[in-house]
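Comments concern the structure below.
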Amino acid sequence: MSDLSQFEITKRWPAKDPSVIQLYSFPTPNGVKISIALEEMGLAYEAHTVTLSDADVKSPEFLSLNPNNKIPAIIDPDGPDGPLGLFESGAILIYLAEKSGQLIGSTAVQKAETIQWLMFQMGGLGPMFGQLGFFTKFAGAEIEDPRPRERYINEAKRLMAVLEKQLEGRDWITGDYSIADIAIAPWLRALDFYGAKETLGWDDHPNLVAYLERFVARPAVAKGLTIPPRG
């Protein structure tokens, strides 16, 4: 039996089976990346619901694993040099893909292209769509000055155009299904939650529409989108 007592987070979210990967997450676009990846890769894991409230993500126990107080985070009891804790969804996706030998490409070129599009999501799509959500659905929607909202609407449209072109003649971002898709598609799905599809002209992007439909139809995706539950 693996000993995870060195990780303070296990005092608040104890492991029922410390021999498997421990996932600390919530079903946001970033959070579901990891549950989907774990399901797709067939890696054994145990999910713990960590809400977005300060009481959870700013608790001493959670901060001991992720000082940046954001979900998701994991502990792998079978890390390369013993139990390993990781945060940042992109870093976790790369780690899990390399651990399992899946969804990152089989050649150096394929791996580089996959990571390239993963970084596109991490540096562009996620941050820009997140701000779009803030200024269209949440507190930013109350701001009368239209410029912040217009900035993120225009940037979201630009990023969607990049993806629409990349998906021409392809089912998946790099050709083969990969962690890049697991990173990108949940953020596209979030546009419905933000109520921004009409504003962005979603239906004018047939490649994106078909891409997201393919993604959510995958059994592992359907399961991963609900793990962990909202509690």
State whether the side chain of [X] and the backbone N or O of [Y] hold a donor-acceptor pair below 3.5 Å, judged by distance alone.
X: Asp181; Y: Ile173; value: yes
X: Lys99; Y: Asp78; value: yes
X: Gln22; Y: Tyr45; value: no
X: Glu8; Y: Gln6; value: no
X: Thr10; Y: Ser5; value: no
X: Arg149; Y: Ala141; value: yes
X: Glu39; Y: Ser35; value: no
X: Asp54; Y: Lys58; value: no

Item to complete: Measure up the Trp187 and Tyr194 rings against each other and bin them: parallel (under 30°), tilted (30 to 60°), perpendicular (over 60°).
Response: tilted

Should the ring pair Phe215 and Tyr177 be called parallel, tilted or perpendicular, given that the plane angle runs from 0 to 90° and is split at 30 and 60? tilted

Check [X] against [Y] and note the closest heavy-atom contact, atom names and distance.
X: Phe26; Y: Val50; result: CB-O, 3.3 Å
X: Asp17; Y: Glu46; result: N-OE1, 2.8 Å
X: Ala37; Y: Leu93; result: CB-CD2, 3.6 Å
X: Pro83; Y: Leu4; result: CB-CD2, 4.2 Å
X: Val57; Y: Thr51; result: CG1-O, 3.2 Å

Practice problem: Flag this pair as yes if the NZ/CZ of Arg218 is under 6.0 angstrom from the six-membered ring centre of Trp172 and inside a 45 degree cone about the axis; otherwise no. | Solution: yes

Q: Find out whether the Lys NZ or Arg CZ of Lys70 is both under 6.0 angstrom from the six-membered ring centre of Phe87 and within 45° of the ring's axis.
A: no

- Given side chain to side chain contact (heavy atoms under 4.5 Å, CB included), test Trp13 with Asp56 step by step and report yes or no. CA-CA 10 Å; Trp13 291 276; Asp56 276 1; 3.8 Å; yes

Below 4.0 angstrom, N of the basic side chain to O of the carboxylate: do [X] and [Y] qualify?
X: Arg158; Y: Glu155; value: yes
X: Asp203; Y: Lys197; value: no
X: Glu98; Y: Lys111; value: yes
X: Glu150; Y: Arg147; value: no

Will you find, in the side chains of [X] and [Y], an N or O donor that is under 3.5 Å from an N or O acceptor?
X: Gln110; Y: Ser106; answer: yes
X: Asn30; Y: Lys33; answer: yes
X: Tyr95; Y: Asp76; answer: yes

Which of Glu168, Gln166, Met160 passes side-chain contact (heavy atoms from CB on, under 4.5 Å) with Asn207? It is Glu168

Taken in chain and number order and not counting sequence neighbours, the residues that satisfy ring pair (Phe, Tyr, Trp, His ring centres under 6.0 Å) with Phe62 are none

